[in-house]
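Data block below; observations after.
Chain naming here is simple, since letters A, B, ... match the order of the sequence lines and numbering starts at 1 in each. None of the values given here were measured: they were computed from a predicted structure.
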Protein chains: 2
Amino acid sequence: MSSRPEVTRPEVSLAQRKRQLVSNELTEAALQLLARKGFDGVTIDEIVATAGVSKRTFFRYFASKEDVVVQFLAEMGADMCTELAARPAGESPSVALRQAVSVPIAACADHFDRALSVVQLILRTPALHARFLERQAQWRDDLAAEVARRQGFDGDGDLYPQLAAAMALSAFDTVLQRWSGSAGAADPAELIDQAFAVIAPALDAVGRRA
Amino acid sequence: MSSRPEVTRPEVSLAQRKRQLVSNELTEAALQLLARKGFDGVTIDEIVATAGVSKRTFFRYFASKEDVVVQFLAEMGADMCTELAARPAGESPSVALRQAVSVPIAACADHFDRALSVVQLILRTPALHARFLERQAQWRDDLAAEVARRQGFDGDGDLYPQLAAAMALSAFDTVLQRWSGSAGAADPAELIDQAFAVIAPALDAVGRRA
DNA sequence: GACGTCCATGACACCAAGTGTCAAGACGCC
DNA sequence: GGCGTCTTGACACTTGGTGTCATGGACGTC
């Protein structure tokens, strides 16, 4: 945030738009090929040939073959944290977390077909599932920090924040699993409600503290 | 080696004992090297050179470089399921699951130093953490099936079994994390109790069913 | 004791993921 | 037009992982 006598184009620079374009092209080519031929049935060379760039460029945009899929859902974690931070302070943990988790779920329902095929691909491919879970572990830490802040925990003393975040993400996972298993037929919002009905007694039992 | 009055077991064939020997040698070499130089700092060639076998043989015993570490904790999942199945039918879900989760934790405390270094290695290495979580997802399904059986759920209708298993494993993860983070100083049994005190209200709220 | 079978192994070639390096081109600024 | 910066492609290279085949040892059978 410098008060620099600004830029002719306050919009994004041409270079950045080009970067975005290449990234989109790569993601598009990858998701289409992977959804059609499976994760192990597609090589990086195939993807980059389709997208019209070199292999080296692929790895300048994505850290790994898994990354191009998982990163497609990357902002989910950030969205959840943002939403949780935005919930009113007085709201109970179960309600606040349910709203937070609902954000990415709603986004899935939004881009229905695309999201469904990606989620199915991830859940069906061990290597992708593993990376997805690992990324979730980072979301969990972020969520836990926010829960601790909201509920006034000082930090590492109590297990509640970590567990509350973990339970919310378990609900998220279970919903995703059911949703993709039903080929999108199940209502995500309803599944979320059912899942949180199960875990809410633990989330809201946080009464006394030191 | 076998200084003990040897029982030549016709049960276990020589071939099987040889297999076990090679497997142990490989695991030993791998864990020592990995703990010392980190996951990315050790190549398969180094490991097999230390163990005195060929690279091809390594992959006849382990599916991947990650596997040699994660498989070291593999029976944990089976142990948990076995213990859960052995708990008395009348026991509440929270108690039964706590006992089940306590089994591998106690095993960790048993082989203290070895288990600690392995757990720390896993939690500190993204690739290993990912594989570990993915393996846990399989444990979760097994545990969920057993929970469903115990509580009389018919199967895929209700989310409770999946979520109960997920919560128990979240407790497991959180305990492992705290334990390894404290370099083994924290008491695992105490951590387990704390964790289950948080999630028990949800586990035991399973009242009515179809 | 010789023979045939099974199985684990090692050697080797091979594919695919990922990285380091470098030269060439595109862009922005003066 | 000239110059620094950023992006890219080409290429070589390391490493994880697999297919294939020949060897050799253990074991059972004659």
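The distance between atom CG of A/L21 and atom C1' of C/dC27, rounded to the nearest whole Å, is 16 Å. Taking atom CZ of A/F39 as the reference point, atom P of D/dG17 lies 13 Å away to the nearest angstrom. Between the CZ atom of A/R131 and the C1' atom of C/dG18 there is a distance of 11 Å, given to the nearest Å. Going from atom CG of B/L26 over to atom C1' of C/dG10 covers 14 Å, rounded to whole Å. A straight line from CZ of B/R17 to P of D/dA26 spans 12 Å, rounded to a whole angstrom. Per the geometry, CG belonging to B/D45 stands 12 Å off P belonging to D/dG17, to the nearest Å. As rounded to whole Å, 14 Å separates atom P of C/dA16 from atom CG of A/L33. Summarising the geometry, the separation between CD on A/Q16 and P on D/dC6 is reported as 12 Å, rounded to the nearest angstrom.
Side-chain contact of A/Q136 with A/D173: a donor-acceptor pair under 3.5 Å is present, judged by distance alone. Between the side chains of A/D142 and A/Q138, no donor-acceptor pair of N or O atoms lies under 3.5 Å.
Side-chain nitrogen and oxygen atoms of B/S54 include none within less than 4.0 Å of the OP1 or OP2 phosphate oxygen of C/dA11. Residue B/Y61 places at least one side-chain N or O under 4.0 Å from the OP1 or OP2 atom of C/dT9.
Nearest-nucleotide positions on DNA chain D place B/S64 closer to the 5' end than the other of B/R60 and B/S64.
No engagement by A/F58 is indicated, since no non-hydrogen atom pair under 4.0 Å with the nucleic acid exists. B/V42 comes within 4.0 angstrom of sugar-phosphate atoms only, judged by non-hydrogen atoms across all strands, and of no base.
Between A/E134 and B/R131 there is no salt bridge, since no side-chain N of the basic residue sits under 4.0 Å from a carboxylate O of the acidic one.
Cation-pi geometry between B/R124 and B/F39 is not met at under 6.0 angstrom from the ring centre and within 45 degrees of the axis.
The side chain of B/R56 sits closest to C/dG10 out of D/dG16, C/dT19, C/dG10. Of the candidate nucleotides D/dT18, C/dT9, C/dA17, D/dT18 has the atom nearest to the side chain of B/F59. With distances taken from any side-chain atom of B/I44 to the nucleotides C/dT9, C/dC27, D/dG16, the minimum falls on D/dG16. For B/E66, counting side-chain heavy atoms from C-beta on, the closest listed nucleotide (C/dA8, C/dA16, D/dG17) is D/dG17.
Contact of A/K55 with D/dG9 (side chain to base): no donor-acceptor pair of N or O atoms is detected under 3.5 Å.
By the 30° and 60° cut-offs, the orientation of the rings of A/F132 relative to A/F172 is tilted.
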